[in-house]
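Have a look at the structure below, then the notes.
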Amino acid sequence: MVLDYTDDELAVIRRAIAPPPPRPPEEVIDAMRPAAGQPVPNHMPPFWKLSDLEMPLFLRLSADPVVVALSRYAFFPEVLDRLRAGAEVPTLEFTGRARGMVAILRFADRAIVIKPLQSAREDRIARIAGDLEVGPCQLETLPGYLTEEFVPGVFFTQLTEEQLTDSFLTTVGANLGGMVRRLHQADIYFNDVTFSDHRGRSHLIVDSDGSCRLIDFGISLLLDRHPDYDREEVHNFVRTLPLYRVFRGMAEDQDHVDQFLADYGGKLAAASKSEITSRDLTFAQEGLGMAAKRMGDRIIDPVRDGFVQAYNG
Ligand SMILES: Nc1ncnc2c1ncn2[C@@H]1O[C@H](COP(=O)(O)OP(=O)(O)OP(=O)(O)O)[C@@H](O)[C@H]1O
Ligand SMILES: [Mg+2]
């Protein structure tokens, strides 16, 4: 059998990899080298916590061909169960910046994404968004990570010239408008770029039939505890304000930043939920303008018409 570990061993392995462990100390890195001066095998650092008390298990992992191919990802429920049921080992590629490594695993019949959580409540928000069919469908995972379906399609800013008919653009606008409406009704403020940022990056994936999903709820806020927001939530709110970038450049020290966040927490508490969520509409409008710089001004009217109509229901 592939990945032939007992349930107890699996539990030990999963505790070591989830939530994502910190970087190993230097002496542990050295101990992982096959010989002095040789590089550490890429697949082993995520398991470093086992190298202390569980050396035999650590050595077995190090020689397991599936672990060599997939490292920690072999032990996520969506992967382990499929492999044990006879699926071929998926291909593995990496992307992601802000949150660390985002792994895309492609099986013959489907692809999944495994990524570390970026905020304390992201799993909850992603689950709600997935259930609303706004975000990727969430799958069984391990603590500290999301496991989700890979959304097929291209980012809004990558749509090809031939796809940009008025009716297609209206459909996409309406799909995003409806999705943002459903998020807001569920007390979720997306708080990030939708159509495009100034570099053409987007979080809106569009499939060839015009169906859409938003990805990445890493800095989104769940407003269910309004007016109480913790430091991380206030930080996630302010980091998308142009004002904050200027402030960060000038802030003298950590106390100064903490004071700013405490003051801003007061402002958030004094705002209404709809004042907070209305920033998603501003982002959408600004993002559409930035997308139009690349894709042509004629995209603006059909997308906006679709969006506004769907958002207002
Ligand atoms: N569910 C998904 N379906 C399809 N592609 C995805 C999915 N999740 C992530 N990706 C891809 O991985 C990239 C990074 O994912 P994500 O945005 O969650 O992490 P990040 O660290 O915020 O990265 P970035 O800073 O590039 O936005 C996305 O831009 C997208 O290309
Ligand atoms: Mg992102």
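Worth knowing before you read on, the calculation uses all heavy atoms, side chains too, and leaves out hydrogens, waters and symmetry mates.
Ring pair F260/Y244: centre-to-centre distance below 6.0 Å. Ring centers of H184 and Y311: under 6.0 Å apart, within the cut-off. Aromatic rings of F76 and Y145 (six-membered ring for Trp) have centroids within the 6.0 Å cut-off, being under it.
Salt bridge R33/D30: present, at least one basic N to carboxylate O contact under 4.0 Å. A salt bridge links R99 and D216; the closest N-O separation between the charged side-chain nitrogens and carboxylate oxygens is under 4.0 Å. A salt bridge links D258 with R231; the closest basic N to acidic carboxylate O contact falls under 4.0 Å. A salt bridge is defined here as a Lys NZ or Arg NE, NH1 or NH2 lying under 4.0 Å from an Asp or Glu carboxylate O, and E148 with R127 fails to meet this definition. Using a 4.0 Å cut-off between charged side-chain N and carboxylate O, E161 and R294 make no salt bridge. Between R84 and D81, no side-chain nitrogen of the basic residue sits less than 4.0 Å from a carboxylate oxygen of the acidic one, so the salt-bridge criterion is not met.
Atoms CZ and CG, from R239 and D192 in turn, are 8.5 Å apart once rounded to the nearest 0.5 Å. To the nearest 0.5 Å, atoms CD1 (I276) and NZ (K273) are separated by 9.0 Å. E162 CD to T160 OG1: the interatomic distance, rounded to the nearest 0.5 Å, is 4.5 Å. Of the inter-residue distances, the one linking I128 atom CD1 with L222 atom CG reads 5.0 Å to the nearest 0.5 angstrom.
No more than 12 heavy atoms of other residues, nucleotides or ligands lie within 6.0 Å of CG in N42, so this atom counts as exposed by the packing criterion. Other residues, nucleotides and ligands contribute more than 12 heavy atoms inside 6.0 Å of the CD atom of E27. Residue-environment remark: CD (Q163) exceeds the threshold of 12 foreign heavy atoms within 6.0 Å.
With F107 as the aromatic partner, R82 meets the cation-pi criteria of under 6.0 angstrom to the ring centre and within 45 degrees of the ring axis. The cationic group of R279 does not satisfy the cation-pi geometry with Y189, failing either the under 6.0 Å distance to the six-membered ring centre or the 45° limit from the ring axis. With a 6.0 Å cutoff to the six-membered ring centre and a 45° limit on the axis angle, R124 does not count as a cation-pi contact of F217.
Considering only heavy atoms from C-beta on, F156 stays 4.5 Å or farther from T194 through its side chain. Put simply, the side chain of P21 does not reach to within 4.5 Å of the side chain of P46, judged on heavy atoms.
A donor-acceptor pair under 3.5 Å is absent between the side-chain atoms of S71 and the main chain of Y73, judged by distance alone. The backbone N or O of P22 sits less than 3.5 Å from a side-chain atom of W48, completing a donor-acceptor pair. For the pair E93 (side chain) and L105 (backbone), a donor-acceptor distance under 3.5 Å is absent. Checked by atom type and distance alone, the side chain of Q158 never pairs as donor or acceptor with a backbone atom of V154 at under 3.5 Å. Panel note: side chain R213, backbone V206; no donor-acceptor pair is recorded below 3.5 Å. A side-chain donor-acceptor contact under 3.5 Å links S202 to the backbone of F195. Under the 3.5 Å distance criterion, the side-chain polar atoms of D166 are left unmatched by any main-chain donor or acceptor of P302.
The minimum heavy-atom distance linking D187 with D224 is given by the pair OD2-CA, 3.7 Å. Nearest heavy-atom pair across T147 and I112 is CG2-CD1, 4.1 Å. Across every non-hydrogen atom of D64 and V66, the tightest pair is OD1-N, 2.9 Å.
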Apply salt bridge (Lys or Arg N to Asp or Glu O under 4.0 Å) to the pair R225 and E233, showing each step before the final yes or no. CA-CA 11 Å; R225 300 190 295 214; E233 289 171 316; 3.6 Å; yes

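Of the residues listed (T170, V180, N312, L288), the one engaging F307 in a side-chain contact (heavy atoms from CB on, under 4.5 Å) is V180, and it is the only one. Each of R15, R60, R14 was compared with E9 under the salt bridge (Lys or Arg N to Asp or Glu O under 4.0 Å) criterion, and only R60 meets it.
Side-chain contact annotation: D209 with S211, donor-acceptor N/O pair under 3.5 Å present.
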